[in-house]
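Source: prediction; values computed, not measured. In what follows, every chain begins at residue 1, and chains take the letters A, B, ... in the order their sequences are listed.
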Amino acid sequence: MAVTTDTEERAPETAGGATEPRRQKRSAANVWLGVIAWIVGIAFFFPVFWMVLTSFKQETDAYTTTPKIIFEPTLEQYEGVFSAGVGPYLVNSVIATVFSTLFVLLLGIPAAFAVSLRPVKKTQDVLFFFISTKMLPVVAVIVPIYVVVNQIGMLDNIWTLVILYTGMNLPIAVWMMRSFFLEVPGELLEQASIDGAPLWRTLREIVLPIISPGIFATALICVIFAWNEFFFAVNLTAANAGTMPVFLVGFITSEGLYWAQLSAAATLAALPVIIAGWVAQNKLVQGLSFGAVK
Amino acid sequence: GCSGAGALGSAEGVETVTVAIVSNPQMEDAISLAPEFERENPGIRLRFVSLSENEARAKITASVATGGGEFDVVMVSNYETPQWAQNGWLTNLEPYMAGTPGYDRADFIPTVRDSLSFQGAMYSVPFYGESSFLMYRKDLFEQAGIQMPAQPTWPQIAEFAARLDQGEGRQRGICLRGKPGWGEVMAPLDTVINTFGGRWYDPQWRAQLTSPEVRNAVQFYVDLVRQHGQPGASQSGFSECATQFGQGQVAMWYDATSAAGTVEDPTESTVAGRIGYAPAPVVATPSSGWLYTWSLGIPQTSPRKDAAWRFMSWMTSKQYIQRAGNDPGIGWTSVPPGSRQSTYQIPQYQQVANAYAPLILQGLQRANQEQPTVQPVPYQGVQFVRIPEFQDLGTRVSQQISAAIAGQITVDEALEQSQNYAETVGESYQR
Amino acid sequence: MTTTTERPTAAPENTGGAAMIDRAEGWRRRGPLLPALVFTIIVTQIPFILTLYYSLQSWNLVRPGSQEFVWFSNYGDVFTDSQFRTVALNTVIMTLGSVLIAVVLGLLLALLLNRQFVGRGVVRTLLITPFLITPVAAALLWKTVLLDPTLGLINFVLTPFGGSGTEWISQYPLASVMAALIWQWTPFMMLLLLAGLQSMPTDQLEAARVDGASAWSTFRELTLPHLRRFIELGVVLGTIYLVNIFDQVYMMTQGGPGVASANLPFYIYQRAFLGFDIGQSAAMGVVVVILTLIAANFALRLIFKSFSGEQEAA
Amino acid sequence: MAEVVFDKASRIYTPGAKPAVDSLDLTIADGDLVVLVGPSGSGKSTALRMLAGLEPIDAGSVRIDGRDVVDVPSKDRDIAMVFQNYALYPSKTVAENMAFPLKMRGMEKEERGRRVRQAADMLGLTEYLDRKPKALSGGQRQRVAMGRAIVREPQVFLMDEPLSNLDAKMRVQTRAQIAEMQNRLEVSTVYVTHDQVEAMTMGDKVAVLADGQLQQYATPPELYDRPINSFVAGFIGSPAMNLLELPRSASGVTLGGVEIPLPRDVSDAAGSRDRLTVGIRPEDWVLESTDADAGSVVKAVVDVVEELGSESYLYAHLADDTSTSIVVRGPGRVQVRFGDPIAVRPNPDALHVFDVETGRRLP
Amino acid sequence: MAEVVFDKASRIYTPGAKPAVDSLDLTIADGDLVVLVGPSGSGKSTALRMLAGLEPIDAGSVRIDGRDVVDVPSKDRDIAMVFQNYALYPSKTVAENMAFPLKMRGMEKEERGRRVRQAADMLGLTEYLDRKPKALSGGQRQRVAMGRAIVREPQVFLMDEPLSNLDAKMRVQTRAQIAEMQNRLEVSTVYVTHDQVEAMTMGDKVAVLADGQLQQYATPPELYDRPINSFVAGFIGSPAMNLLELPRSASGVTLGGVEIPLPRDVSDAAGSRDRLTVGIRPEDWVLESTDADAGSVVKAVVDVVEELGSESYLYAHLADDTSTSIVVRGPGRVQVRFGDPIAVRPNPDALHVFDVETGRRLP
Ligand SMILES: Nc1ncnc2c1ncn2[C@@H]1O[C@H](COP(=O)(O)OP(=O)(O)OP(=O)(O)O)[C@@H](O)[C@H]1O
Ligand SMILES: Nc1ncnc2c1ncn2[C@@H]1O[C@H](COP(=O)(O)OP(=O)(O)OP(=O)(O)O)[C@@H](O)[C@H]1O
Ligand SMILES: [Mg+2]
Ligand SMILES: [Mg+2]
């Protein structure tokens, strides 16, 4: 007990004095881990940074055995890229991305709803079917698709890409959104049905607001995949419907030095999605942690 | 369909011509001059689809073969043209040429013209043509006290390469393509095989890839590039070698004659002005340069053949070369070479290109696509076998060669496997 | 949620009405699914059926008139093609290897980012960027900027350590492609797992602290099980995309040297766009579909089982 | 305002398994509040959900106001339900939550607002009308759920443990409000609870369920005074009734050496059984002086004393039979402690006697 | 087996805001079970979490067995805790959940199994040992959480409303078990509850918190009999004590026209105040005949009768002052109904008097 009294007297001091070192210790570990995180983050980002840097170089500066960080920046490469007419490609990419994502949501939300909250018989088979359509290598079906699209006169038409991207993203979207729907408490639906709400109003007024972060995350992922898709785009478009990745590939030549200009084109092609991703990353994490699990 | 008739800018009475083009520098120059054409021809609007060589070839072939009809003008090569003409996919251009005063069909370099003809009629017109030659650094040769012969042989080149090689991580002796692809490693290698006396098939379409001549040639090529060649050889193509040579990393480079424009351009190359040129090295044949040309044709499906021809004739005309040469953004070093003999008579061109221009012309004129090697062959083509299966066959073989260059397999293994592929293809011609 | 919609044979007087209700109800339940289902069937199955049809043909696109019906000979060729097997193995290595490494790296990064430190938001922003880059650009970036033997940054960085001159793409082609894939997919896995970590209930972590668990025990015994579903989702999504990856192989190595870095999509592409052998490539496509379906059936059903298990108990 | 009838209604979740609700026969008179009680898993919620149309009725029928509702979907049954965990719509404000059922019935905005304000007023929610549910405390949420049900003025109210998440004080208060409101609106109500006090105080009648089967359906006093079987006897009342299996003696039964006489009619009904289950509520023991005569009092030793201030409960075991435990209610501030001996005598007028085997009340 | 001391311990969640726990001084003697009660948000959980090491101690200190634990991480404090919301590990079975703290302490598998089985036995969880938490009912989960704590035999037990989700019967049973176990193991225990009965029956001492501040720390009877202020008076006891603000009269106070004399010492302490808060517990009313003399009894009109079987509570308002409501405990099966008049008289020995302003007890 003597000890107790002793401590008691020093209590305030001890409290202050002892917490400091511990906090320091903990924060020291945190600082180290923070430093590691920074290093890794920079390492991951560096190639992209270099790409952007290169896009402001002359071709000769881009090709040096000792990488050049200091150089005379030039907008020449961007001028070159813009003079190649990036506009229509950008518009096409936007159309393909926005509309395909919209269609994915329009088709996918009810489907995910049907296979989760109001499960139909053979739910698993349906889900499996959706997922299995993603197993088909696009390269194997590109010729049939080309033939079909040609038959119906839809070659080099941006809506062809919209439809294909919708088909490409739909299975994943259904699959992801299903897990979000599963997070919605069943009683809410029951309550809504007791309150006299018809199905579609339940969906619109009750369920969708709840899972909106999840839907947003799904949409963002669809946007990323649609924007970056290359194979369909390069094979099914010509002068009218080319998208940004196709535009980018146009800068690859088998003759000559092209890396600086290619960097400029690549930067331009990737920029919209990078910005979208940066802006929306919080929502993405939030959305993914919302469901994705159950 | 909606092909060609673009959503953008198809005003009343205006025809939109869609052009599929390979995105090489000269073609990009042409695109940059296209507005002038449109100004001169108010009824025609141009839409370019410019893709890198691989995509362009795959896409154009698929489109033309299935009658996709997206394009009114396609850029093809002397590999495709006769075949496609035979298939009836391309439009016979003779009537159009005849109907275009001043176009001067006879001005095209004869070998080039022949390579784009089927049954005597041209089905595509050359934009530029190329052969192959050897580039070397005059300054380094001088330093090392080596004298480049007027017609070098491959063993000599190998020896020079060894002498100029400074070892790993430093300047290497020679750059040779090693990247898989029938248009990549196979192009220079085929010329080596040819001049070593090898061939793909004998006249009975029996595959010859394991014959001693081919074996020696491939072994020589692989040894040379592995011992004294550039780093990353198995992934080097034209562009990579251009970079290496342009940055002074290698002393010699055997490749397409079109490289001259790149390596002599001071904005891209640090060695401009210090380069010497020699004809393609030989062994058993008198010459060994290849023959390749990018040319323009009109698919049969195009409903706008007249407009298409108007554009093509503009782009392949003498005037175009004058126009490009006088353009400050392009200049005489970058005019499309190897299509017209008259180009080589232009004083300005002679002035900037006298180091290599005569060699190119000579290479093109001597290229022999009918009889590329010592022994007779049942096919045409120097650096390719002009049969439809060759793209696939050549690529597969090139992958084996590339693997051998990377050191993953031996030359024998590579050729063994290649022989299998070649036999399968050959069999379908024996019947 | 109740999953049972059947009414067991009870109350005879109700059965008729009940069955009718069931049918109407069944359609009401299926209704929302139908547009997506029909759309997917049209967009994916029509080309697939055509593929099946082509796979029974001998047809070279560049030899007009070569089209003829050859039954299963294309399939015979596929199975006797020794390179096909190599390429299939490459595909498995490339897909699973990349996915697994990306998941592990992603997990580590997610753990790092789940802590407080200065500039956490910025680091996360930096880290997710590779996922947003167009794959075509990413492939070029790796091939040119990073892995080029003379001009590449990696060799430059390694020079002081005597590691220069490595010809990454020729010497380690598969690994090089995988590195690019991992670089792109690690951020996605990181995001997914970060989401998982952030949804971990804090009360469990507190309980573990009181129970005397060390940081490692807590991670192994609680965090990891909690992350399981996120990991599974990551693996499934990653696998589905990577098994069909084409851009990187095409841009970086063209499948070479030899077929050392070719995967099935690229191999099929070669048949289709270099050989223009439509029959062959269609047959390969069909074989690939069947093989992946078998593998996926196996893996997915496993996951579905745990999914439905969850559902019943919830 | 309707009579609700369960007519041999059953629900079988898993075919082949025991029904969760087994041939339930129950009539809820128009305007009555009926409380459903029973142990966990006894089928209370299931019965409610059957009535609400959330579970199919596998056999029998359920009628509301004379109409068979087996095939009527929930939304057309005109029922309001308060779920155990509120089931508020998280994306809607309190006002929107409460207005939702009215909106779904196509009521005009004006009228909706009026009704919602009125209900909010009554439930003390007026100042929270614009908040989202997550910004409310548990008690407030519960009241919103309640409000959403009452704005409707439905035919039937269903409440599934609506107060279980409130603290004691709040609970007493809300309990009174519900009772008052139900009285005023005269809406037939089915109320599930596991709280003894709620069951006893709120219900016009109480239905006791066990294993999906109805045990007894009676008014609270009846249930307390004449439980129909030993299950109900043990379930109703807290602390629970002492249920002791005792041997017959000449005029009654023997407990701890003491002869407890049974009333005539009970004796007759017991017939020749040689053991009986005898139930004595904790408050029906009379505490005697510990030095009373051994033959007239039961001696026991105290294990635990629960002192509640106003009263106390003594948990004890019999002195001569340590395996038999009893609970005795004593006065507040009782002076006994752990280990103390006590002497008790059952009040002979308040004995409940049951058959040992069947558990049925005798007579 | 340790003494626990809170020494002016404070916790401030948001700098600048009111502390959630404010200079708490509390000594829990070795082996005691101390119950923390208080309204929602009064800082009970926070105090527990400070002791467990889950919240930093912003000022003052906390000592376990004489050792200042401010800097000791949770896992080294040798404390077992039952969380309000269970905090079970969802991926582990019941057995694994319970064995986890033992495993973390490096106990052998054999011994772990033995202890877990023993605890499961005690809590009636044996048949659920292989289930995952999500396959358990709320009450079962709560018991698992309890089991996870008791397998440990730690220095201190912390329980945060551990029985809140059990049904009445289970609750009584588990409550007795906890008390018994705590007695046997003699582990110092801090127990948070909002249940009156638990607070009164389980605690060796009870600490009443309000707004982060300790109101009173005493044994249950003391708390019940001598609440230190009107807050404690109103908080302890259910139904709550009637707290009436009454005007002074000559010898005491006046209620409904009736003069209620106050004891001498109270009168003295009250001094010159002209109003006093007088507390009368529901059981401290004596029901009189309604025709008793108006001056000696308080007349009231019944609003609600809660009949519990063993007793009843009459909620009434004064006949001559409708705004004053009172609660009166009556006998079981009382015969009064809504609207009936009653007459009551407070037991003069059981009056609690508080200052109107400060709420402090007088004297
Ligand atoms: N969806 C279901 N599937 C299968 N069985 C179920 C389902 N829901 C409930 N049951 C079973 O039906 C029986 C009755 O459950 P019910 O929920 O009606 O009990 P309860 O009386 O409401 O219990 P509690 O007081 O715990 O809420 C239980 O045995 C339960 O296990
Ligand atoms: N993480 C937190 N951040 C800020 N304030 C908090 C936090 N946790 C609790 N509080 C506040 O601290 C006060 C005490 O909270 P605490 O949880 O200790 O109450 P409690 O007595 O346990 O209540 P209950 O009976 O509802 O569990 C409350 O006012 C609460 O709002
Ligand atoms: Mg229930
Ligand atoms: Mg709390």
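- No other option in A/T166, A/L284, A/V223 has as many heavy-atom pairs under 4.5 Å with chain C as A/T166.
- Within the 4.5 angstrom heavy-atom criterion, no atom of A/F49 approaches chain C.
- For an aromatic pair to be called close, the ring centres must be under 6.0 Å apart, and C/Y241 with A/F225 satisfies this.
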inquiry  = Determine whether A/W175 and A/F130 satisfy the following criterion, ring-ring contact (aromatic ring centres under 6.0 Å, His included), listing intermediate values before the conclusion.
reply    = CA-CA 8 Å; A/W175 214 60; A/F130 272 117; over 10 Å; no
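- Using a 4.5 Å cut-off between heavy atoms, A/F103 makes no contact with chain C at all.
- If you measure heavy-atom distances from A/T267 to chain C, you find no contacts under 4.5 Å at all.
- Neither the backbone nor the side chain of A/L271 comes within contact range of chain C, judged by heavy atoms closer than 4.5 Å.
- Of the residues considered (C/L112, C/L146, C/L237), C/L112 shows the highest number of contacts with chain A, using heavy-atom pairs under 4.5 Å.
- When each of C/L191, C/L264, C/I268, C/L291 is scored by its heavy-atom pairs under 4.5 Å with chain A, the top score falls to C/I268.
- Partners of C/Y54 under the ring pair (Phe, Tyr, Trp, His ring centres under 6.0 Å) rule, at least two apart in sequence or in another chain, are C/W59.
- Between chain A and the residues C/G119, C/A272, C/P187, the largest count of heavy-atom pairs under 4.5 Å involves C/G119.
- Taking the ring axis of C/Y267 as reference, the NZ or CZ atom of C/R271 stays within 45° of it and closer than 6.0 Å to the ring centre.
- When heavy atoms are compared at a cutoff of 4.5 Å, A/V249 approaches chain C solely by way of its side chain, counted from C-beta outward.
- Heavy atoms of A/W50 lying under 4.5 Å from chain C belong exclusively to its side chain.
- When heavy atoms are compared at a cutoff of 4.5 Å, A/I42 approaches chain C by way of both its backbone and its side chain.
- A/I274 touches chain C through backbone and side chain together, each having a heavy atom under 4.5 Å away.
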Derivation and outcome, side-chain hydrogen bond (donor to acceptor under 3.5 Å, both in side chains), residues A/E229 and A/T243 = CA-CA 9 Å; A/E229 203 283 337; A/T243 58; over 6 Å; no
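- At a 4.5 Å heavy-atom cutoff, the contact between A/L170 and chain C is made by side-chain atoms alone.
- Only the side chain of A/N235 comes within less than 4.5 Å of a heavy atom in chain C; its backbone stays farther off.
- Screening residues 42-54 of chain C for salt bridge (Lys or Arg N to Asp or Glu O under 4.0 Å) gives no qualifying pairs among residues at least two apart or on separate chains.
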